[in-house]
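In what follows, a single structure is set out as structure tokens and then discussed.
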Amino acid sequence: MSTVYVTRKVHFNAAHRLHNPEKSDEWNRETFGPCNHPNWHGHNYVLKVTVAGEPDPDTGYVIDLSDLKSLLHEEVVDQVDHKNLNLDVDFLDGVIPSTENFAIAIWNQLEGKLPSGRLHCVRLYETERNYVEYYGDQEPR
Ligand SMILES: Nc1nc2c(c(=O)[nH]1)N=C([C@H](O)[C@H](O)COP(=O)(O)OP(=O)(O)OP(=O)(O)O)CN2
Ligand SMILES: [Zn+2]
């Protein structure tokens, strides 16, 4: 079987604050620096979601990219774009919105909802230079 990796890229912007409510204000300021600023700051996020699978013999598709686009908008972009990640997003409730935690939460939002293929990688850019990848607890191939 030939496994192919299909990726869709979307973008959104959102505000957040890195803050652990179980720690002191001093600890938060020292740990997170300017990212702990109480009045929030924003990022232009870029999200790349990769689906693995074998092309369907009838269509040649692992997944119809139109379906993947719709899924990413329904499950992620529509819920986070122009929102405050600490206050407005149900699937991040109680989560410190680091890029790592956000990528895991996005994976959990998408898992089990793909019409075909297997969720392989969530790559989330917080800035042009900083990104994380999550493979659902599997080592990347
Ligand atoms: N491991 C992580 N470290 C940091 C995260 C994170 O999610 N995971 N997040 C932040 C802050 O959100 C911060 O806002 C990052 O922005 P910034 O420091 O401005 O990043 P840049 O890439 O723009 O920094 P340059 O110095 O301009 O390259 C911090 N750490
Ligand atoms: Zn930030």
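We count ligands from 1, going down the list as the structure has it; atoms in each ligand are counted the same way. Numbers here are sequence positions counted from 1. On a predicted model such as this, the values are computed, not experimentally measured, just so you know.
Atoms CD and OH, on Glu133 and Tyr125 in that order, are 7.5 Å from each other to the nearest 0.5 Å. To the nearest 0.5 angstrom, Ile63 atom CD1 is 12.0 Å from Arg118 atom CZ.
Within a 4.0 Å radius of atom 3 (N) of ligand 1, the protein has no heavy atom. Taking a distance limit of 4.0 Å, we find that atom 18 (O) of ligand 1 is approached by no protein heavy atom. Within the 4.0 Å cut-off (strictly below), a protein heavy atom is located near atom 25 (P) of ligand 1. Inside a 4.0 Å radius of atom 15 (C) of ligand 1 there is at least one protein heavy atom.
Around the Zn ion (ligand 2), the protein atoms of type N, O or S found under 2.8 Å away are His16 NE2, His41 NE2, His43 NE2, listed by chain and number.
Atom 5 (C) of ligand 1 has as its closest protein heavy atom Glu126 OE1, 3.9 Å. The protein heavy-atom contact nearest to atom 23 (O) of ligand 1 is Arg129 NH2, 3.2 Å. Protein heavy atom closest to atom 8 (N) of ligand 1, with residue, atom name and distance, is Glu100 OE1, 2.8 Å. The nearest protein atom to atom 29 (C) of ligand 1, hydrogens excluded, is given as Cys35 SG, 3.6 Å; this is a heavy-atom distance.
Looking at Asn84, its side chain never comes within 3.5 Å of a backbone N or O of His16 through a donor-acceptor pair. The backbone N or O of Val62 sits less than 3.5 Å from a side-chain atom of Ser116, completing a donor-acceptor pair. Looking only at distances, a side-chain donor or acceptor of Asn36 sits under 3.5 Å from a matching main-chain atom of Leu18. Counting only distance, with no hydrogens or angles, the side chain of Asn28 and the backbone of Asn20 share a donor-acceptor pair below 3.5 Å. Counting only distance, with no hydrogens or angles, the side chain of Glu75 and the backbone of Leu110 share no donor-acceptor pair below 3.5 Å.
At most 12 non-hydrogen atoms from other residues, nucleotides or ligands lie less than 6.0 angstrom from NE2 of His11. Within 6.0 Å of atom NZ in Lys83, more than 12 heavy atoms from other residues, nucleotides or ligands are found, so the atom counts as buried in its surroundings. Within 6.0 Å of OH in Tyr61 there are 12 or fewer heavy atoms belonging to other residues, nucleotides or ligands.
Close approach of ligand 1 to Ser98 is summarised as follows: ligand atoms under 4.0 Å from at least one heavy atom of the residue are 7 (O). Heavy-atom proximity to Leu18, at under 4.0 Å, picks out these atoms of ligand 1: 9 (N), 10 (C), 11 (C), 12 (O). Below 4.0 Å from some heavy atom of Asn130 lie the following atoms of ligand 1, by number and element: 20 (O), 21 (P), 22 (O).
At least one heavy atom of His16 sits closer than 4.0 Å to an atom of ligand 1.
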Just do the side-chain hydrogen bond (donor to acceptor under 3.5 Å, both in side chains) check on Ser2 and Glu54 with the steps written out, would you? CA-CA 6 Å; Ser2 303; Glu54 295 73 41; over 6 Å; no
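Each of Val132, Val80, Leu47 was checked for a side-chain contact (heavy atoms from CB on, under 4.5 Å) with Phe102, and the lone residue meeting it is Val80.
Distances between N or O atoms of Thr99 and those of ligand 1 include at least one value under 3.5 Å.
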